[in-house]
**Student:** 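Sharing a structure with you now.
When reading the values below, keep in mind they use all heavy atoms of this one structure, side chains included, and skip hydrogens, waters and symmetry mates.
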Amino acid sequence: MADFNFLRVVPVDLKRYLPQFLEKDPTFSKTLEALSTEHEKQRLQLIDVTKQFFITTATWGLADWEEFLDLHPDPGDSDGKRRARVLIALRGSQTTTLSRVRDIINAYGNGYVEEHNDQYYFIIFTTRTDAASITEMRKTIEIYKPAHLGCYVYLGWAWDGKIKFDGTYTYGTNTEEWSGNNG
C-alpha cells in the first residue's frame, strides 16, 4: 500500500525555512506557528483526498466508488466488505477463471474451489457461516460464474481439518446447490 507522503514526511514547521533571528519576534513567531498548523492541516487533507482515489485505501470516498458502480451497500457493512464489493464489481468484466472464483470467495472469507470440468460443475468449500456473507457471496458467484456450470457450496469446512460436533451424532456441515434459481 502506498505511503502517500509526497514531498514532506514530517509535520510542517515553516521556521525551518527562515533565518533564525525572525523567530525572536513574538508576533512573527506566533504567525509562523499558525501558518505551520494550517499548512500541516492542508498536507494531511491532501493525503486523505489522494487515498480516496484508490479502493484499497478509500474511506469516505467509498460512497463515490459505489455510486459509480451502482452498488447499494447495507448500512452496517464494514469498509473492508464495501471495498471487496467494489473490487469484485470492477473485475467483473474479466473472464471468469478458477482464480477469479477464488478471489470472490476470499473477498467474503476463506475457502477454496474444487473443479469438476468433465461434469460441468464446481464446489466451493468455505469457512464462512454467517448468513449475510453467504447470501452476498452467492449473489456474486451467480453473477460471475459461467452459465453452463453448476455450483455447489460446502458450508462448515474448516482449514484446521476439525469437524464441529453438534452433540446429536451429526456433523455441522451442509452442502447446497447454487446453480440457477434454486435459492
**Student:** Going through the checks in order, is the side chain to side chain contact (heavy atoms under 4.5 Å, CB included) test met by Val101 and Glu115?
**Tutor:** CA-CA 11 Å; Val101 174; Glu115 292 180 291; over 6 Å; no
**Student:** Using a cut-off of 6.0 Å, state whether more than 12 heavy atoms not belonging to Gln119 lie near its atom CD.
**Tutor:** yes
**Student:** With side chain to side chain contact (heavy atoms under 4.5 Å, CB included) as the test, would you mind laying out the steps for Lys15 and Ser29 before giving the verdict?
**Tutor:** CA-CA 8 Å; Lys15 291 178 188 177; Ser29 182; 3.4 Å; yes
**Student:** Working to the nearest 0.5 Å, report the span between CD1 of Ile124 and CD1 of Ile134.
**Tutor:** 9.0 Å
**Student:** Measure the acute angle between the ring planes of Tyr152 and Tyr121, then classify it against the limits of 30° and 60° as parallel, tilted or perpendicular.
**Tutor:** perpendicular
**Student:** In Å and rounded to the nearest 0.5 Å, what is the CD to CD distance from Glu23 to Glu33?
**Tutor:** 9.5 Å
**Student:** Atom CG of Leu32 and atom OG1 of Thr37: how far apart are they, to the nearest 0.5 Å?
**Tutor:** 10.5 Å
**Student:** So, do Val49 and Trp60 sit near enough that their side-chain heavy atoms are less than 4.5 Å apart?
**Tutor:** yes
**Student:** Rounded to the nearest 0.5 Å, how far does CZ of Phe125 lie from OH of Tyr112?
**Tutor:** 4.0 Å
**Student:** Would you please say whether a donor-acceptor pair under 3.5 Å links the side chains of Asp70 and His72?
**Tutor:** yes
**Student:** Between Lys81 and Glu136, is the salt bridge (charged side-chain N to carboxylate O under 4.0 Å, His left out) condition met? List the steps.
**Tutor:** CA-CA 10 Å; Lys81 187 174 182 179; Glu136 188 71 27; 5.4 Å; no
**Student:** Measure the shortest side-chain to side-chain distance between Val153 and Met137 over non-hydrogen atoms and say whether it is less than 4.5 angstrom.
**Tutor:** no
**Student:** In the single-linkage hydrophobic clustering (I, L, V, M, F, W, Y; side-chain heavy atoms under 4.5 Å), do Leu62 and Ile47 co-cluster?
**Tutor:** no
**Student:** Between Leu18 and Phe21, is there shared hydrophobic-cluster membership here, with clusters defined by ILVMFWY side-chain heavy atoms closer than 4.5 Å?
**Tutor:** yes
**Student:** Any chance you could measure Leu22, atom CG, to Gln20, atom CD, to the nearest 0.5 Å?
**Tutor:** 10.0 Å
**Student:** Is it possible for you to say whether Leu87 and Leu71 belong to one hydrophobic cluster, with membership spreading through side-chain heavy-atom contacts below 4.5 Å?
**Tutor:** yes
**Student:** Compare all side-chain heavy atoms of Val86 with those of Phe68 and state whether any distance is below 4.5 angstrom.
**Tutor:** no
**Student:** If we only count heavy atoms from C-beta on, is the Asp77 to Arg83 side-chain gap below 4.5 Å?
**Tutor:** no
**Student:** Quick check: does any side chain N or O of Glu38 sit under 3.5 Å from a backbone N or O of Ala34, one acting as donor and the other as acceptor?
**Tutor:** no
**Student:** Leu46 versus Gln42: any side-chain heavy-atom pair under 4.5 Å?
**Tutor:** no
**Student:** Quick check on side-chain contact (heavy atoms from CB on, under 4.5 Å): which of Asp64, Leu90, Ile88 does Leu69 satisfy it with?
**Tutor:** Leu90
**Student:** In the structure I gave you, are the side-chain heavy atoms of Tyr108 and Thr126 within less than 4.5 Å of one another anywhere?
**Tutor:** no
**Student:** Do the non-hydrogen side-chain atoms of Leu98 and Phe122 ever get within less than 4.5 Å of each other?
**Tutor:** no
**Student:** Between Val10 and Leu44, is there shared hydrophobic-cluster membership here, with clusters defined by ILVMFWY side-chain heavy atoms closer than 4.5 Å?
**Tutor:** no
**Student:** Begin from the C-alpha positions of Tyr120 and Leu149 and carry the test side chain to side chain contact (heavy atoms under 4.5 Å, CB included) through to its verdict.
**Tutor:** CA-CA 5 Å; Tyr120 299 101; Leu149 292 180; 4.2 Å; yes
**Student:** Does a side-chain N-to-carboxylate-O contact under 4.0 Å join Arg82 and Asp79?
**Tutor:** yes
**Student:** Any non-hydrogen side-chain atom of Lys51 less than 4.5 Å from a side-chain atom of Thr59?
**Tutor:** no
